[in-house]
S.K.: 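First, the structure itself, so that you have it in front of you.
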There are 2 protein chains.
Amino acid sequence: MTPTPALVQRSTRAAEIVAVARRILEEEGADALTMRRLASAVGMQAPSLYKHFGTKRAVEAALVEHGLFELGTVLHTAVAGGARRGGGPVRRLLTAYRTVALANPALYRLATAGPLPREDLPAGLEDWAGEPFFLAAGDPWRAQALFAFAHGMVVLELDDRFLPESDVRPTWEAAARAFS
Amino acid sequence: MTPTPALVQRSTRAAEIVAVARRILEEEGADALTMRRLASAVGMQAPSLYKHFGTKRAVEAALVEHGLFELGTVLHTAVAGGARRGGGPVRRLLTAYRTVALANPALYRLATAGPLPREDLPAGLEDWAGEPFFLAAGDPWRAQALFAFAHGMVVLELDDRFLPESDVRPTWEAAARAFS
DNA sequence: CGTACTTGGCTAACGTTGTTAGCTAACAGT
DNA sequence: ACTGTTAGCTAACAACGTTAGCCAAGTACG
């Protein structure tokens, strides 16, 4: 319902840096995303990056922005996408959430773990990305609970925190039923 | 039901290092826990720490061990503790979980976020700490869901990820009812 | 009793990290 | 034609985890 927020406008070079940073993040992991590695992958020296981003956190904030935007896009279409796809909106939301998170694990962690760099993010982006939970759950408390469940499941899955023999999909299924 | 696992036995000095590390972690944050800072707080030079712990990760593993042990202790007594305290076992479990996690936020994050240093942990400790969820929930899938919800709520609370005006306790209450 | 070994401290140093200072070539504006 | 601004560079700094190598004190034992 809230209009899609606009992404921060960036110069060609800055956009290229963010794109390369994202590739490094997903292909080589969060530890590989250093200023020197990023600079070399983009064809310059590390200090030159500071002509485009004031700090490494600013680069990460740009990545978080992309992550939240994509997550929000997927979740909104999942909730809105009619009864064509299986189940109710809650089920579609949960499926979409898990899919996009597991598809970009490093970006998901960056965007959802640790404190948010709110001052470097477009206003409203965070709320907009979380809105599908309210749309699907009905009231704010169920939305909170649904969000907490989904986030908890995903990070525990990513961290390999469940018992090895335990299958995780029945739990998602059960939650979808419980919250519908 | 599973017997309480034994903690790793450590020399006096090593135990002191872990205790100091924990104090630094909670009082000054995870970033302040550096080998030099830790060494100086314990009265030695950084390289001397390596006479007691092979790596920084090993120090952190010792902290994780403490964290899981305390969490497990609290959760087990919460679930077992008769009908004296309010509500059913699920409600007591959730209250205890939130309380201990918010009381030691940095330790909680260290113990539950990111991959576990399983090879440096006493065998069975992880399972034992998670067992109360199975005891309270009944079957494994509900246990998984309950754990994911509790963990998700706590990390989102710690990361200040909920909307500022949103009260979080009704959500815990509702979950306690839903899982009972 | 002396000797060998272990324990636990030290200093110096290495490589990597984020970041700053200061220089410079290219380009735009008046 | 001068003057900024933009975007690159090299050199360097402090802090990080960690390793190497030295040395004093204690301990085991023949």
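Letters A, B, ... are given to chains in the order of the sequence lines, protein chains preceding strands, and every chain is numbered from 1.
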S.K.: Report the distance from atom CE of A:Met44 to atom P of D:dT6, rounded to the nearest whole Å.
M.R.: 15 Å

S.K.: Closest to the A:Gln45 side chain: D:dT18, C:dG9, D:dT10?
M.R.: D:dT10

S.K.: Looking for any heavy atom pair under 4.0 Å, which part of the strands does B:Arg36 touch: base, sugar-phosphate only, or nothing?
M.R.: base

S.K.: Of the listed nucleotides (D:dC9, C:dT20, C:dT11), which one gets closest to any side-chain atom of B:Pro47?
M.R.: C:dT11

S.K.: Return no unless some side-chain N or O of A:His52 is found under 4.0 Å from OP1 or OP2 of D:dG8.
M.R.: yes

S.K.: Looking at C:dG8, I'd like to know if its phosphate oxygens (OP1 or OP2) sit under 4.0 Å from a side-chain N or O belonging to B:Ser48.
M.R.: no

S.K.: Hey, are the side chains of A:Phe162 and A:Asp167 touching, using non-hydrogen atoms and a 4.5 Å cut-off?
M.R.: no

S.K.: Tell me: CG of A:Leu49 to C1' of D:dC9, nearest whole Å?
M.R.: 13 Å

S.K.: Would you mind reading off the distance between A:Glu16 atom CD and D:dG8 atom C1', rounded to a whole angstrom?
M.R.: 14 Å

S.K.: Using a heavy-atom cut-off of 4.0 Å across all strands, would you classify A:Thr34 as base, sugar-phosphate, or nothing?
M.R.: sugar-phosphate

S.K.: Do the ring planes of B:Phe149 and B:Trp172 sit parallel (below 30°), tilted (30 to 60°) or perpendicular (above 60°)?
M.R.: perpendicular

S.K.: OH of B:Tyr50 versus C1' of C:dA12: gap in Å, rounded?
M.R.: 15 Å

S.K.: Over how many whole Å does the gap from B:Ile17 atom CD1 to C:dG9 atom C1' extend?
M.R.: 11 Å

S.K.: Verify side chain to side chain contact (heavy atoms under 4.5 Å, CB included) between A:Arg10 and A:Glu65, making sure each step is shown before the conclusion.
M.R.: CA-CA 12 Å; A:Arg10 269 179 255 276; A:Glu65 182 195 326; 2.5 Å; yes

S.K.: Base of D:dG8, side chain of A:Lys51 - is there a donor-acceptor contact under 3.5 Å?
M.R.: yes

S.K.: Between A:Gly54 and A:Arg37, just flag the one whose closest nucleotide in DNA chain C comes earlier from the 5' side.
M.R.: A:Arg37

S.K.: When the distance from CG of A:Leu38 to P of C:dT17 is rounded to whole Å, what number comes out?
M.R.: 12 Å

S.K.: To the nearest angstrom, how far is B:Lys56 atom NZ from C:dT16 atom P?
M.R.: 19 Å

S.K.: Tell me whether the side-chain N/O atoms of B:Thr55 come closer than 4.0 Å to OP1 or OP2 in D:dG17.
M.R.: no

S.K.: With clusters defined by side-chain heavy atoms of hydrophobic residues (ILVMFWY) lying less than 4.5 Å apart, directly or transitively, does A:Tyr50 cluster with A:Leu38?
M.R.: yes

S.K.: Can A:Arg23 and A:Glu28 be counted as an ion pair, charged N to O under 4.0 angstrom?
M.R.: no

S.K.: Can you check the B:Leu33 CG to D:dA15 C1' distance for me, whole Å?
M.R.: 15 Å

S.K.: So, is B:Arg13 near the phosphate of C:dT7, with a side-chain N or O under 4.0 Å from OP1 or OP2?
M.R.: no

